[in-house]
Amino acid sequence: MNKFNPKDFEDKWRKKWATEETYKTPEIKKGDEKFYSLYSYPYPSGAGLHVGHVEGMVANDIPARYNRMLGKKVMMPMGWDSFGLPAENYAIKTGIHPKDNTDEAIKAFIEQINNIGISVDWNTEVGAHYENYYKWTQWIFIQLFNAGLAYKKKAPVNWCPKDQTVLANEQVESDGTCERCGTEVEQKDLEQWFFKITDFADRLVDDLDKVDWPDSTKAQQRDWIGRSIGAEILWKLNNPDYKNKKENQKYIVELANTDDAEEISFIRVSGWLENNINEKTGVTKEFLGEFHDQKIPISKDKIQKQSNYIKENPESNLIIRENGKILGWLGLMFEEDNVISFGVYVHPDHRGRGVGSALMNYVFEKNPSHKFKIEVSKNNTRAIELYKRQGFEEVGESKWFIEGREENFIPLYVMEKECFVIHTFTTRFDTIPGPTFLVIAPEYEHLDKIVTAENKDAVSKYIDSIKNKTDLDRQTAKEKTGVFTGSYAVNPFNNEEIPIYVADYVLANYGTGAVMGMPGHDQRDYDFAKKFDLPIKYTLQPKDEGFEFPKDKAFEGEGYQINSGEFNGLWWEEAKDKIMDKLISEDKAIKKVNYRLRDWLLSRQRYWGCPIPVIYDPEGNAHAVPEEDLPVLLPYNVDFSPTGESPLAKSEEFQKSAEEKYGKGWRREVDTMDTFVDSSWYFFRHVDAKNDEKIFDSEKVNAWLPTDLYMIGAEHIVLHLMYSRFFTKFFFDQGLIDFDEPFYRMRHMGLILGPDGRKMSKRWGNVINPNDEIDKYGADTLRIYEMFMGPLIDAKPWNDSAEKGVLRFLSKVWDNFNRIQTTDSREEVKFEIRNSKFEIQEREINKLIKYVGPAIDTLSFNTAVAKMMEFNNFLTKEKEINKSVFERFMLVLAPFAPYVTEEIWSQMGNEFSIHNAKWPEFDESLTKESSVTIAIQINGKVRGTVEVDAGSNEDVVYSAAMKEQNIAKYVENEPKKKIYIQDRILNIIV
RNA sequence: GCCGAAGUGGUGGAACUGGUAGACACGCCGGACUCAAAAUCCGGUGGAGGUUAUACUUCGUGAGGGUUCGAGUCCCUCCUUCGGUACCA
C-alpha cells in the first residue's frame, strides 16, 4: 500500500489546473446565479505571503470552490495593493527602485498563491501601480473633480517629520504619533486635495442597514461618521465695545400693514415703478422713493425680491409710530444666501432719535443667524456712524444715481454686518437653562468680533501659548486652560448673560467651535468652572430621597428638570425635546445634524503613488487633465529621497511634458494620491481588468457585484470600507452602476499568532512561513489546519503538532481510499440501501453532506473539518468501504483539500476535474437514525439514558425508563409531572 | 469614559431556536510494533469521592443573584481580557 505523500501529485495537478483553465471566470449576465469571492487585495511585500494571507485566501477559496460545484458562476480574483509608503521606504533604504522591487514581490506572491491551491483566475489580476489600472484611478479623480467633489484647500495637515509626508487624521495614532513610524506628528499648512465624502455621510450611515456585516464593523463605521442629531442654539453676543444706546430700544416696532401704505407713502415719493430704462445702470423699472431727501431708483429685480420676501415674511414690513405718526419704516428688505439686505427710512423730522437703531435691532433679533447688508451715501455721516455703532463694516462701494441725472451719481458705501450670534451645537436641550459660561475654540473664526479691546492682549497671548503646544500636549493636558474674552452671550432660553471664554478644550473642527458650558452636568465644563471660579447650576435632579449633587464632580446622571421655568418637573428626555421644539419655533435654535467625519485628504507628498491628474495654468488655476491624455504616467527616474517636497517636483521630465502638451507656464500637480484611493475601487476592475476603453463594462459589473463574500482583516477596516462605499455611491450617482453598496456580505479573519502566543514578528523569531509548511506537509494540510484552528474571526496561536494532526487525518483518508472495495456499485446503494451492509455508511455520508454545505455558507470551517474527521474515523473502523460513499466524501472534502481529492478522484477513474464536479445531494430521510438515545432526568438532573425507536411517544420512553434500575429507584410514587421533548429528553418531576 | 466582541478541561476549541456540557484535534498516560528511538496503530483522559472492576455519587462553562421542569445559552449586577474610539459638546 502506497503512503500518502502530497509531493507525488501536487505539482501535477497545479499544472493541469493552469493549462486547463479550471478556474476560468465564466461569462455572466445580470441575474445569473453567481458568487463573487473577494479577498482584500494584499500589499505585495518582499517578505512574501504570510500565514494570515493564507487563512483569508483559503476562507475565500473554500466557498468559491463549493459554489462552483453547486453550479454557480464563480469569480475568485486577485490583485495587489502595490503603491504605497513601505515600498518607497524600502527603496530609500536599499536603493532598489520600488517598481522593480514590487514587480519581483508580485511574482513570488503569484507562485505562492498557486502553491496553496487558491482557485484564482489570473485574468482578473489588477495592481494599483499597473498603468492600465492607475489610468482609471486618475479617471475617477477627474469625475469627482468635474462633479465638484474634489477640491483643493489650504489646510493644517498632520505632517510626519520622519516620513516627510502628510498623514490623514486616521493615520495619526491617538497619542499623536505617526501610524507607521511612531514619530510625533506636527501641524503644517499646505494646499491639499480633498474628496467631499462628507456629502455622503447620511447615506454612509443609513445604507449600513442594507449589508450583511459583523455588527462590530457596522458600529465602527457609524462611530467614525459620528452622526449626532441635535440643534444649534443661537446666542446673541453682547460685546461691551458695541454699546447700543438704550434709548434706541424705547420705540415700539410694529408690523406695517396695507392700511399703513398711504401713511408710509408720505416718506416716499409717489410714482414708483416708472418705466425708465437706463442703459448705463441696467435698471429697467425704477422705484422712485425718497430717502434722506433724495429720490432713488430701484431695479425691478430688487423690488421683486422685496415683495416676495414680504409675502413670505410679513413681519419684516416694519414701522415705528409715535402718537399715530409714523417716524420710520423698514423697507426694501430681502434675503439671499443668508444675507439680508434692507433699507432704513426715517422721517426727516425725527432723525437722530434712535429710530433707525430701533428698527435695526428688531431685525437683528428676528434674524440672529444672518448677515446684513446695507448701502449708504458717503456723505450721510450720521447714518454711517449709526451703522458702525451697530457693528457694520464697510466692504465695498457702489453708486446710486438721482432721477436719471448721470452726472450726479452718489458714491455709496456698501456696509455689512455679520450678526454676532454664536452658535453652539448640542443634543442635550434639557441642560439649556444651566450654562454659566460659553467657551469658544482658540481657532474660532470670528474670534476678533468677540474679544474686546481690553482683553485683546490676554487672548492673543493665550493663543500663542497654545500654538507652541503640540497636539499631544493639548490632548493629554489634564488642567483646563482658557481666558476671558470680555464679551457676554445671551442665553436665548432665559435671556441670562454669561461670560464667553476662549479655551483649547473646545475643538474648532467639530460642531461650531463653540460650546455652552454646563458645569453642573458635564465633567469637562465642571473642571473649567472650578478653575475659573464660575458658578455651577443644575438643571436636573433625581427625585431620590436625600439626593445631593456630588461635591467634586459634575452630576452626569439622569433626572427631572429643575431651574427650568415652565419645564420644571419633566423627565429630562421629555424636556429635551420640548425645549428644543420651543427654541426652534422661536427661531432661537436651528435643527442640525453634526458629523465627526471629515472630508478625505488624499494628497501625499510622495513618489510611489498614483499621480493626481491635475494641471495648473500659468495663473495657477487647477484644471483636470483631459481624459484623452490619461494616464499621467509616473516617471521612472526620479530622485525620491525625502526632502519634504514632493519628489515629482524635482522631475524635469514630468514638468516638461506638461509644457509641451499644454503650453508654456503650465505645470503638473506633483502630489500623488493616498493609496486608499487605489484600493477603493479595485473590486470593480477585477470584473473587467483588461478593458482599455473604459473603467469597466457596466453590465459586467452590475452582474457580478456586489461581492458575495469579502474577507478582510479585522484591524484596518474602517477607512477602506468607508472610502470604497463612498466611491460606489458616487459611481451609482453617475449612472455607472445600478447598486450602491459594494460588499454585500463581509467577514473578518483574526490574527494568527506565533506558537508562543505573541504576534508574529521577526523580533520574536516566531514567524511561520507558509512555504516551509507546504514543504513539510503539503498544501492541503496547511489549508485544512488553518481552517481547523478555530473560528476565523478569533486570534489563534499556531500549533505545529496540531498541524501534524491534520496531516494524520489526510493520511488516514488516503489509507481508507486504498481499502475501497471496488466491487460494489452506486446502484446497489441507491435502491437496496435500507438492508445493505452499507446502510450505516450511507446514513453517515448523508449526514456529512447535510452538515458541510451550510457550514461552508456560514464559514464555520473548523466544525466542518471536525465532522469530516469524525466521518473518516468512522470509515476507518468499517470493514469495507463503499466506493460511492467514499466518492461523495471526496466531493465534500474537495473545497478544503483540492490536491488530494483531485488525485483520488482521478485514481477512482473519474473525469477531470473534481472541482467542476457536481456537489453531492443528500436525502433527508437517509440521515435519520432508527433509534435514539434519550436522556432521563429526575427533577432536572440526568440520571440515565434509554435507547428507543426514533419518534417514540412519552409513554414508551417512560416505561423504558422505569425498566432502568438507576432511574426507577428515584421514582417511588407516581411522578408529579413529566416533560417530554421528542427524541431528546424526558424530565420526571417527583 | 464610551462603543463592540468574548470569558467553557492541561491546550486550540464544539454545543441547532434553553434540552445528556466538553464534539473534533493537540497534549498527556497506558499498551502494541521495535534491540532502541522516531513514525504508526490500539485504549484511556474535566475535578473530587467511590468500586477489584462495572456501577454510582458529587462539583463543574469568569463572579454573584434571578427566570425555568431544565441555563454555557435568557434577564440583572459585577469582574477580567481583547478590538475600536475619545476633551465630539
Side-chain angles (χ1 to χ4, degrees), chain A residues 3 174 214-224 226-228 230 233 424-428 431 435 439 441 474-478 480 503-507 509-518 521-525 527-528 556 594-596 714-718 748 750-751 757 785 788-791 793-806 808-809 811-812 815 851 854 860 862-873 876 933-945 965-966 969 975-990:
Chain A
K3 257 192 88 199
S174 57
D215 286 344
S216 60
T217 308
K218 288 190 183 186
Q220 277 182 51
Q221 294 268 303
R222 286 199 190 94
D223 287 353
W224 194 263
R227 176 163 74 182
S228 47
I233 303 161
T424 63
F425 177 76
T426 190
T427 54
R428 288 290 303 272
T431 59
V439 197
R474 212 172 137 173
Q475 274 169 28
T476 51
K478 293 207 173 64
K480 294 272 182 289
D504 67 352
Y505 80 92
V506 173
L507 307 172
N509 46 17
Y510 179 76
T512 62
V515 171
M516 52 184 193
M518 310 170 298
H521 302 288
D522 184 291
Q523 190 54 43
R524 295 156 301 174
D525 296 339
D527 295 342
F528 190 79
E556 293 187 307
N594 246 319
Y595 303 93
R596 206 181 77 111
E715 47 287 336
H716 298 295
I717 50 172
V718 182
H748 308 305
L751 271 185
Y785 170 60
F788 186 58
M789 290 175 88
I793 183 85
D794 291 356
K796 307 156 281 249
W798 192 269
N799 180 339
D800 195 63
S801 24
E803 190 185 8
K804 274 185 210 150
V806 174
R808 224 169 279 153
F809 160 62
S811 317
K812 286 189 223 167
D815 293 346
Y851 188 88
S860 86
N862 53 335
T863 60
V865 172
K867 290 283 184 216
M868 289 190 280
M869 286 175 165
E870 215 171 332
F871 177 78
N872 191 56
N873 289 345
T876 306
T933 311
I934 291 183
I936 308 300
Q937 295 183 331
I938 309 293
N939 291 341
K941 276 199 160 68
V942 178
R943 294 295 176 181
T945 58
Q965 259 251 290
N966 278 320
K969 72 182 180 190
K976 277 189 196 153
K977 198 177 169 188
K978 284 176 271 183
I979 291 144
Y980 177 60
I981 310 292
Q982 195 170 55
D983 294 349
R984 281 190 179 269
I985 206 159
L986 174 68
N987 193 0
I988 303 166
I989 314 302
V990 295

inquiry  = I want to verify a distance call: between B/C24, B/C41, B/C87, whose nearest atom is closest to the A/A866 side chain?
reply    = B/C24
message = At less than 4.0 Å, is any side-chain N or O atom of A/R596 found next to OP1 or OP2 of B/A89? Yes or no.
response = no
task = Taking only the side-chain heavy atoms of A/D504 (C-beta and beyond), determine which of B/C87, B/A89, B/U20 contains the nearest atom.
result = B/C87
key: Under 4.0 angstrom between A/R222 side-chain N/O and B/C88 OP1 or OP2   = no
query = Which part of the nucleic acid, if any, lies within contact of A/P214, taking any heavy atom under 4.0 Å across all strands shown: a base, the sugar-phosphate backbone alone, or nothing?
reply = nothing
query = Of all the choices, B/C88, B/C24, B/C26, which nucleotide is nearest to the side chain of A/F788 once you look at every atom?
reply = B/C24
key: Protein-nucleotide distance (A/D215, atom CG; B/A6, atom P), rounded to Å   = 9 Å
key: Nucleotide B/G12, atom P - distance to CD1 of A/I793 in whole Å   = 18 Å
ask   = Which of the following nucleotides, B/A25, B/G13, B/U20, is nearest to the side chain of A/N862?
value = B/G13
remark   = With the side chain defined as heavy atoms from C-beta on, A/N873 is closest, among B/C24, B/C69, B/C87, to B/C24
inquiry  = Contact between A/T431 and A/M516 at the side-chain level, heavy atoms closer than 4.5 Å - yes or no?
reply    = yes
query = So, do A/F809 and A/Y785 sit near enough that their side-chain heavy atoms are less than 4.5 Å apart?
reply = no
Integer-rounded Å distance: B/G19 P and A/N987 CG = 14 Å
No-H, no-angle donor-acceptor pair, A/R984 side chain to B/C16 base, under 3.5 Å = yes
message = Taking the minimum atom-to-atom distance to the side chain of A/A219, which one of B/G4, B/C69, B/A21 wins?
response = B/G4
key: Atom-pair distance (CG on A/L986; P on B/G19), nearest Å   = 17 Å
query = Between atom CZ in A/R524 and atom P in B/A86, what is the gap in whole Å?
reply = 14 Å
remark   = Re B/U11: Watson-Crick or G-U wobble partner, both distances kept under 3.5 Å, found to be B/A25
key: Candidates B/U40, B/C24, B/G19 - which lies nearest the side chain of A/R808   = B/U40
query = Counting side-chain heavy atoms from CB outward, which of B/A23, B/C88, B/C26 is closest to A/Y510?
reply = B/C88
message = Counting distance alone, no hydrogens or angles: does the base of B/C87 have a donor or acceptor under 3.5 Å from a partner atom on the side chain of A/K480?
response = yes
inquiry  = Is B/G4 syn or anti, taking syn as a glycosidic angle within 90° of 0?
reply    = anti
inquiry  = With rounding to the closest Å, how many angstrom separate the C1' atoms on B/U73 and B/G22?
reply    = 15 Å
query = Which class fits the ring pair A/Y505 and A/F528: parallel under 30°, tilted 30 to 60°, perpendicular over 60°?
reply = tilted
note = In whole angstroms, the gap separating C1' of B/A89 from NE2 of A/H521 amounts to 14 Å
remark   = Per atom distances to the A/D223 side chain, the nearest of B/U20, B/C3, B/A25 is B/C3
ask   = Between A/R596 and A/D223, is any pair of side-chain heavy atoms under 4.5 Å apart?
value = no
ask   = Separation of A/I989 atom CD1 from B/G70 atom P, in whole Å?
value = 7 Å
message = Within the 4.0 Å heavy-atom criterion, would you say A/S801 contacts the bases, only the backbone, or no part of the nucleic acid?
response = sugar-phosphate
ask   = Rounded to whole angstroms, how far apart are CD on A/E870 and C1' on B/A14?
value = 10 Å
inquiry  = Over all strands shown, is A/V515 touching base, sugar-phosphate only, or nothing at heavy-atom distances under 4.0 angstrom?
reply    = base
note = Among B/C88, B/A5, B/A14, the one nearest any side-chain atom of A/L507 is B/C88
key: Salt bridge present between A/R524 and A/D522 (N-O < 4.0 angstrom)   = yes
note = Of A/S860 and A/V718, the one whose closest nucleotide on RNA chain B sits nearer the 5' end is A/S860
